[in-house]
Amino acid sequence: MSEVVKKFMYLNRKAPYGTIYAWESLEVVLIGAAFDQEVSLLFLDDGVYQLVKGQNTAGIGMKNFSPTYRTLGDYEVKNIYVDRASLEARGLSEDDLVEVAWEDWESGEEKENIVEVVDAARVTELMDEADCVFSF
Amino acid sequence: MSILHTVNKSPFERNSLDSCLKFAAEGASVLLIEDGIYAALKGSSVEGKVTDAMGSLKLFVLGPDLNARGFSEDRLIPGINVVDYAGFVDLAAESSKVQAWL
């Protein structure tokens with residue numbers, strides 16, 4: 001498509017499973033991939049729990065949607081940002097998070113992991129830069 | 001017989017845990033379920049208040065909810081016991097009533 005490309009940011013602030021927000025956000029990201037915009041995801045506050053690896057929902061009778069995060073690189077998602085202070089307040093580190101690989105089919109450019117832990121100043125900057133912020 | 005308190009909200013988003021810990025009587029049991037399980041994890045900013053509460057309350061966490069969110073027992077604050085659904089039922093049966101902090 002040749003139209004103007006906008007920067008879409010999906011802001012995720014809720015833990016998975018306890019409420020439907022995390023899953024709904026993921027659904028919208030996947031649907032939004034069809035619009036060929038520049039998409040980034042930002043995980044703040046309890047949203048950082050969405051990216052914790054090793055989720056196993058067999059015991060609670062709910063769909064485990066966490067493997068889907070690892071495929072986001074194939075759905076036009078170029079950047080995934082995680083707020084450092086949110087991780088630290090929860091006793092988590094980057095090692096607890098899933099890794100998301102990314103590849104540009106046209107240029108062949110590859111990245112092993114697009115999950116990036118950032119500080120508060122960068123979060124502010126990212127929100128400023130976005131044309132549109134979708135909040136979940 | 002004492003009360004079984006259940007907390008199903010994240011301690012970082014709601015004050016359900018704070019209120020529960022404030023009003024629960026000495027010797028009562030507190031079971032962390034759903035997003036409440038995040039309070040049971042080591043190294044978080046709420047670890048101190050949970051550890052303090054364990055001086056007068058018995059703390060439990062629901063295993064299936066812990067595993068669903070990607071955590072295993074080795075991430076828990078020492079002294080918090082993991083129960084399964086049958087254990088939840090046992091706790092409820094042993095208590096005079098169940099009080100939910102939503």
Side-chain angles (χ1 to χ4, degrees), chain A residues 11-26 43-70 80 82-100 115 117 120 123 135-136, chain B residues 6-18 20 31-52 59-89 100-102:
Chain A
L11 173 58
N12 301 286
R13 296 185 50 249
K14 307 280 187 193
Y17 309 116
T19 63
I20 199 70
Y21 288 94
W23 191 356
E24 290 285 306
S25 173
L26 203 48
F43 293 85
L44 273 190
D45 300 326
D46 275 358
V48 300
Y49 287 132
Q50 294 179 30
L51 295 180
V52 170
K53 61 185 174 195
Q55 295 176 30
N56 176 1
T57 60
I60 63 167
M62 291 176 75
K63 182 186 162 72
N64 179 359
F65 53 84
S66 70
T68 309
Y69 292 104
R70 291 193 284 118
I80 298 179
V82 182
D83 175 54
R84 186 183 309 279
S86 299
L87 280 180
E88 287 173 355
R90 287 160 183 76
L92 301 176
S93 71
E94 200 163 358
D95 295 338
D96 292 308
L97 307 179
V98 295
E99 292 185 1
V100 181
V115 178
V117 178
V123 169
S135 296
F136 293 92
Chain B
T6 64
V7 177
N8 76 336
K9 296 296 189 298
S10 163
F12 304 102
E13 200 185 56
R14 305 283 186 89
N15 60 6
S16 308
L17 179 73
D18 286 334
C20 172
L31 173 61
L32 303 169
I33 61 174
E34 300 170 14
D35 288 347
I37 67 99
Y38 294 122
L41 301 176
K42 267 190 300 207
S44 86
S45 59
V46 302
E47 180 174 359
K49 68 176 130 187
V50 173
T51 307
D52 288 349
L59 265 286
F60 301 89
V61 65
L62 192 63
D65 282 332
L66 189 67
N67 300 149
R69 288 159 180 79
F71 299 101
S72 51
E73 288 192 34
D74 61 330
R75 298 294 291 268
L76 295 176
I77 296 168
I80 297 184
N81 291 302
V82 180
V83 296
D84 57 11
Y85 290 114
F88 189 167
V89 174
W101 296 83
L102 302 177

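Just so you know, these numbers use all the heavy atoms, side chains as well, and skip hydrogens, waters and symmetry mates.
Nearest heavy atoms, B:Pro64 versus A:Gly59: CB-O, 3.6 Å. When every heavy atom of B:Tyr38 is checked against every heavy atom of A:Pro16, the shortest pair comes out as OH-CD, 3.5 Å. Scanning both residues, A:Gly18 and B:Asp35, for their nearest heavy atoms gives CA-OD2, 3.3 Å.
With hydrogens and angles disregarded, no donor-acceptor distance shorter than 3.5 Å links the side chain of A:Tyr17 to the backbone of B:Asp65.
For the atom pair CG (B:Leu66) and CD1 (A:Ile60), the distance works out to 11.0 Å, reported to the nearest 0.5 Å. Taken from CZ in B:Phe71 to CG in A:Leu92, the straight-line distance is 5.0 Å, to the nearest 0.5 Å. One finds the OG atom of B:Ser45 at 7.0 Å from the CZ atom of A:Arg90 (value rounded to the nearest 0.5 Å).
Neither the backbone nor the side chain of A:Gln50 comes within less than 4.5 Å of any heavy atom of chain B. Proximity to chain A (any heavy atom under 4.5 Å) is shown, for B:Glu13, by both the backbone and the side chain.
Heavy-atom contacts from other residues, nucleotides or ligands closer than 6.0 Å to OH of A:Tyr21 number 12 or fewer.
Here A:Lys14 is the residue among A:Arg13, A:Met62, A:Lys14 with the most heavy-atom pairs under 4.5 Å with chain B. Heavy-atom pairs under 4.5 Å with chain A were tallied for B:Lys42, B:Arg75, B:Glu47; the largest tally goes to B:Arg75. With chain B as the partner, the residue from A:Thr57, A:Thr19, A:Asn56 showing the most heavy-atom pairs under 4.5 Å is A:Asn56.
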